[in-house]
Amino acid sequence: LTFVVDVSGSMNQENRLGLVKRALGLLLDELGADDRVGLVVYGTNGRVLLRHTRDLEEIRRAIAELRPEGSTNVEEGLRLAYDLADEGWRQGASNRILLCSDGVANVGATGPESILSRIGKEAQRGIALTTIGFGMGNYNDALMEQLADQGDGTYHYVDALDEAHRVFVENLTGTLETVAKEAKAQVEFDPRSVARWRLLGYENRAVADRDFRNDRIDAGELGAGHQATALYEVRLHKGVSGSDRIATLRLRWKSVAARKIIEESRELRARELEGDWQDASANFHQAALTGA
C-alpha cells in the first residue's frame, strides 16, 4: 500500500487531516506481517516520507507527525506516489495507492486531465488507485471520483470515525480487493410497457449503447462485498399488468478470479416494481432519497 496524504492548508480541520490520521490508524490495525506501507505527502510540494516498510510503529509515528502546510499540489503528490508504488511493486500482491484528500487542488495542474493518463497506464499494469474524501464546504467530490474511476479503484467519502471504521475495518477487503473489472450495466426498456424513462445521475459514467460489449472501453470496478445502484425514473403505459415485460437488464464484467469476461441478462416484469413506498426496502428508500 502507498498512502498519499493531502497536508495542505485546506486540510487544517479536525474532520479533515485529524480524521485522516485516525482513519489510517484503523487501517494499520488490520494489516498483516507481510504487508508493506509507503507514505507520500503533498502541500505546495510533494515528498516521500517513508519508503515501503513492514515497521508499523515507524508508519504510525510518521502519520502522527503530519501537520498542515502550504497549498495543494495533488499532481506532484500522485506522481511521487506512483513512482514509489512502482519501486515497491510486488508480483501477486495487491498493489494499491490510497489518496486521502478534500480534493481541492490549487497548485500545479489543478484539473485531473494532466494525471489521468499516468493513472490509467499504472492501473493496466496492476497498481490501482482508491480515493478517500474528507471534509465539507469546499470539498471536491468530482475530482476524487474521476481519479478513482481512471485508477480502477473505488471512491469513498469519510465524514466521521464511524464511517472510517466501515471503510477501513468492516469493508477492508472490498476497499482493497477488486473482484469485478470493467463492470457495465445496460437496461433496455420495452416501449410497449414503458412510456418514458430517465436515468438519474451517472452523467460522467455513461457508456454508449454500442460500446456495451467493447471491452476496450473503460468501465467501473467493484470491490468484494460492494454494490452499485443505478436509479431510473419510469412512467408506464396505462393497463400494464404484472407479467408484462418492462425491460431487459444486462450485466457484463471481467471476473478477477476467473480471468474472463462474464455476461448475464434477465427480464424485468411489472410485478417486480414496488406498488407502495411503505412496502419498499430500506435500500430502495435510501436510493430514492439520494436521487431526490
Side-chain angles (χ1 to χ4, degrees), residues 1-25 27-28 36-53 58-89 95-123 127-151 153 155-159 164 167-168:
L1 301 178
T2 305
F3 297 158
V4 52
V5 179
D6 181 352
V7 294
S8 63
S10 65
M11 293 289 287
N12 188 19
Q13 298 179 35
E14 187 56 28
N15 69 346
R16 296 195 181 187
L17 187 56
L19 185 54
V20 169
K21 293 159 74 170
R22 294 197 297 275
L24 293 181
L27 173 55
L28 292 177
R36 297 188 298 190
V37 173
L39 177 61
V40 172
V41 298
Y42 65 89
T44 303
N45 301 108
R47 65 185 187 277
V48 176
L49 283 191
L50 277 179
R51 287 190 146 69
H52 290 95
T53 176
E58 184 181 8
I59 302 165
R60 290 184 195 280
R61 285 194 296 271
I63 291 173
E65 293 171 2
L66 297 180
R67 299 288 184 272
E69 55 178 74
S71 303
T72 314
N73 196 337
V74 63
E75 180 188 20
E76 185 171 1
L78 278 174
R79 180 176 54 78
L80 289 174
Y82 275 110
D83 290 345
L84 185 61
D86 281 336
E87 180 184 300
W89 190 86
N95 297 279
R96 185 172 295 263
I97 292 174
L98 278 79
L99 169 64
C100 299
S101 172
D102 58 12
V104 178
N106 51 30
V107 172
T110 57
E113 295 79 10
S114 64
I115 48 179
L116 287 182
S117 176
R118 172 81 185 270
I119 291 172
K121 290 176 183 175
E122 296 286 4
I127 299 178
L129 171 66
T130 290
T131 61
I132 302 102
F134 294 82
M136 297 180 70
N138 64 338
Y139 172 71
N140 185 352
D141 62 337
L143 174 62
M144 298 294 280
E145 183 188 8
Q146 277 186 278
L147 295 175
D149 283 350
Q150 187 72 11
Y155 158 64
H156 309 269
Y157 176 70
V158 171
D159 61 348
V167 171
F168 290 127

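- Residues Pro68 and Val7 have side chains not in contact (no heavy-atom distance under 4.5 Å, counting atoms from C-beta outward).
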Please lay out, stage by stage, how Asp86 and Arg79 fare under the test salt bridge (Lys or Arg N to Asp or Glu O under 4.0 Å).
CA-CA 11 Å; Asp86 281 336; Arg79 180 176 54 78; over 6 Å; no
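- Remark: Arg61 does not engage Glu65 in a salt bridge, criterion side-chain N to carboxylate O under 4.0 Å.
- Between Ile127 and Arg96, every side-chain heavy-atom pair lies at or beyond the 4.5 Å cut-off.
- Every residue was checked against the salt bridge (Lys or Arg N to Asp or Glu O under 4.0 Å) condition with Arg36, not counting sequence neighbours, and none meets it.
- Taking every heavy atom of both residues into account, Gly135 and Tyr157 meet most closely at O-OH, 2.6 Å.
- A donor and an acceptor atom, one from each side chain of Tyr42 and Ser101, are located under 3.5 Å apart.
- Side chain of Thr72 to backbone of Ser8: no donor-acceptor contact under 3.5 angstrom is found.
- No side-chain donor-acceptor contact under 3.5 Å links Thr44 and Asn73.
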Checking Thr53 against Ile59 for the side-chain contact (heavy atoms from CB on, under 4.5 Å) test, could you report, in this order, the C-alpha distance in whole Å, the side-chain angles of both residues, the deciding distance, and whether it holds?
CA-CA 8 Å; Thr53 176; Ile59 302 165; 3.8 Å; yes
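- The two residues Cys100 and Leu24 make their nearest non-hydrogen contact at SG-CD2, 4.1 Å.
- Taking the salt bridge (Lys or Arg N to Asp or Glu O under 4.0 Å) definition, one finds that Asp149 meets it with Arg205, sequence neighbours left out.
- Classification of Arg51 and Asp83 as a salt-bridged pair fails, no side-chain N sitting under 4.0 Å from a carboxylate O.
- With a 4.5 Å cut-off on side-chain heavy atoms, Val5 and Leu17 count as touching.
- In this structure, Ala164 and Ala23 approach most closely via the heavy-atom pair CB-CB, 3.7 Å.
- In this structure, Arg16 does not pair ionically with Asp159, as no charged nitrogen and carboxylate oxygen lie closer than 4.0 Å.
- Between the side chains of His52 and Thr2, at least one donor N or O lies within less than 3.5 Å of an accepting N or O.
- The side-chain contact (heavy atoms from CB on, under 4.5 Å) test with Tyr155 is passed by exactly one of Leu147, Leu99, Asp141: Asp141.
- Inter-residue side-chain proximity for Leu66 and Leu49 is flagged as met; some heavy-atom pair is nearer than 4.5 Å.
- The two residues Thr131 and Ala148 have their closest heavy-atom pair at OG1-CB, 3.5 Å.
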